[in-house]
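To start, the structure itself, in structure tokens.
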Amino acid sequence: MLARYAQYGGIEAGGTKFVCAIGDASLSLLERIEFPTTTPAETIGRAIEFFRSRAGNDGLTALGIGSFGPVDPRPGSPTWGYITTTPKEGWQHTDFAGSLRRALDVPVGFDTDTNAAALGEGALGAAKGLHTFAYLTIGTGIGGGALVGGVRIHGLLHPEMGHMRLPRAEGDKFEGVCPFHGDCFEGMASGPALRARAGGPPDRLPADHQIWTNMVHYLSAALVNIACVLSPQRIILGGGVMHQRHLFPRIRRRVQHLLADYLQSPEIVNHPETFIVPPGLGDDAGVIGALALARHAAGGDIDQE
Ligand code: ZN
């Protein structure tokens with residue numbers, strides 16, 4: 001049962017910044033704050049302070065966390081709610097969700113930042129009304145989350161779409177920046193990879209530069225793989241790199257070309273602008289998804305909505 005006055009807390013925890021918000025039962029944002037990700041003690045402490053000071057006398061009904069990872073999202077696991085093997089300095093094996101649950105004494109929903117963003121887009125954004133879709137963020141890292149049949153994907157751990165292996169673009173000599181794999185998807189096409197390729201901020205590159213052609217190559221190859229594996233009704237592309245809107249039409253054409261009319265769906269063949277889309281919630285997808293995780297933790301069956 002959801003009380004009418006339910007008040008949810010949400011954290012979108014990124015490697016660069018934290019976004020904390022308080023929202024109501026319809027997931028409208030009532031309060032929102034951002035601060036840089038520093039040490040775990042300082043950053044988690046600021047989040048706790050925000051919720052304690054802003055949630056009022058009744059406090060939060062529940063808290064949701066969408067976190068950078070890898071994380072342990074398995075209920076019942078001794079390390080549930082931990083950030084695990086992250087390359088982010090100082091954050092390895094951090095008891096993230098448990099620290100907040102103890103400090104705020106509320107139910108906590110915990111998942112990857114991208115599963116949370118997918119949940120947010122499904123509740124209020126570009127995937128509203130769909131049951132099977134994927135959300136990718138192309139930014140400081142590359143991550144992907146998905147709902148299949150209305151349920152977030154969890155298995156042994158969680159999807160790591162950013163680390164799939166992709167064929168190299170012809171003539172591309174870039175080594176890749178992933179500390180684990182070098183030239184995986186994230187290694188070749190994340191924001192840091194793009195900056196390294198461009199030798200600085202990529203904004204000044206002309207739209208027809210070869211670097212963009214290579215980016216389109218990797219993004220399209222990844223989307224084809226996701227389309228073939230999950231059969232999503234839609235794929236949402238968010239994150240800082242996708243603020244380069246000129247990439248969208250090129251990616252759609254390239255995905256069509258690579259699929260070569262093999263997947264016979266009107267969304268792909270005739271209306272790719274409905275198949276590969278930007279987030280409906282813009283850069284708020286993650287934090288609204290975190291509020292949806294909180295609602296779910298409190299007993300609202302958000303995955304089925
Ligand atoms: Zn990798």
Side-chain angles (χ1 to χ4, degrees), residues 12-17 37 66-74 79 82-94 96 110-118 134-146 152-199 202 211-230 232 235-244 247 251 254-255 258 276 286:
E12 180 191 10
T16 309
K17 67 174 181 183
T37 308
S67 178
F68 70 98
V71 300
D72 184 352
R74 299 169 298 175
T79 52
Y82 276 57
I83 292 175
T84 58
T85 50
T86 180
K88 174 83 177 163
E89 193 57 40
W91 284 81
Q92 293 88 357
H93 310 292
T94 293
F96 188 4
F110 182 75
D111 210 328
T112 61
D113 46 4
T114 47
N115 263 348
Y135 175 96
L136 265 88
T137 180
I138 317 295
T140 311
I142 294 181
R152 281 172 279 134
I153 298 183
H154 293 135
L156 287 177
L157 295 163
H158 50 75
E160 283 285 3
M161 299 182 198
H163 297 272
M164 70 174 93
R165 311 313 294 250
L166 301 169
R168 271 186 175 266
E170 200 178 323
D172 185 8
K173 301 277 191 264
F174 185 63
E175 290 179 353
V177 300
C178 175
F180 290 88
H181 318 113
D183 61 355
C184 66
F185 181 20
E186 178 173 298
M188 297 304 270
S190 61
L194 177 58
R195 287 181 73 94
R197 287 175 180 278
I211 287 176
W212 294 125
T213 303
N214 285 343
M215 291 292 287
V216 168
H217 167 91
Y218 294 107
L219 287 160
S220 304
L223 265 54
V224 163
N225 291 352
I226 292 166
C228 290
V229 171
L230 292 184
I235 301 176
I236 301 165
L237 287 179
V241 171
M242 298 314 300
H243 291 169
Q244 306 278 343
L247 293 173
I251 291 167
R254 179 82 185 153
V255 166
L258 291 170
I276 298 167

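Small disclaimer: the values here were computed from a predicted structure and weren't measured. For the single chain, residues carry numbers from 1 onward in sequence order. We count ligands from 1, going down the list as the structure has it; atoms in each ligand are counted the same way.
- Contact between E186 and H163 at its shortest, heavy atoms only, is OE1-NE2, 3.6 Å.
- T84 and D72 make their closest contact through CG2-N, 4.0 Å (heavy atoms, listed as atom of the first residue, atom of the second, distance).
- The N, O or S atom of H181 lying closest to the Zn ion (ligand 1) is ND1.
- Looking only at N/O/S atoms, H163 comes nearest to the Zn ion (ligand 1) through ND1.
- Seen from the Zn ion (ligand 1), atom SG of C184 and atom SG of C178 lie 110° apart in angle, a value rounded to 10°.
- Other residues, nucleotides and ligands place more than 12 heavy atoms under 6.0 Å from the CD atom of Q92.
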Passes side chain to side chain contact (heavy atoms under 4.5 Å, CB included), I153 versus L230? Steps please.
CA-CA 11 Å; I153 298 183; L230 292 184; 3.9 Å; yes

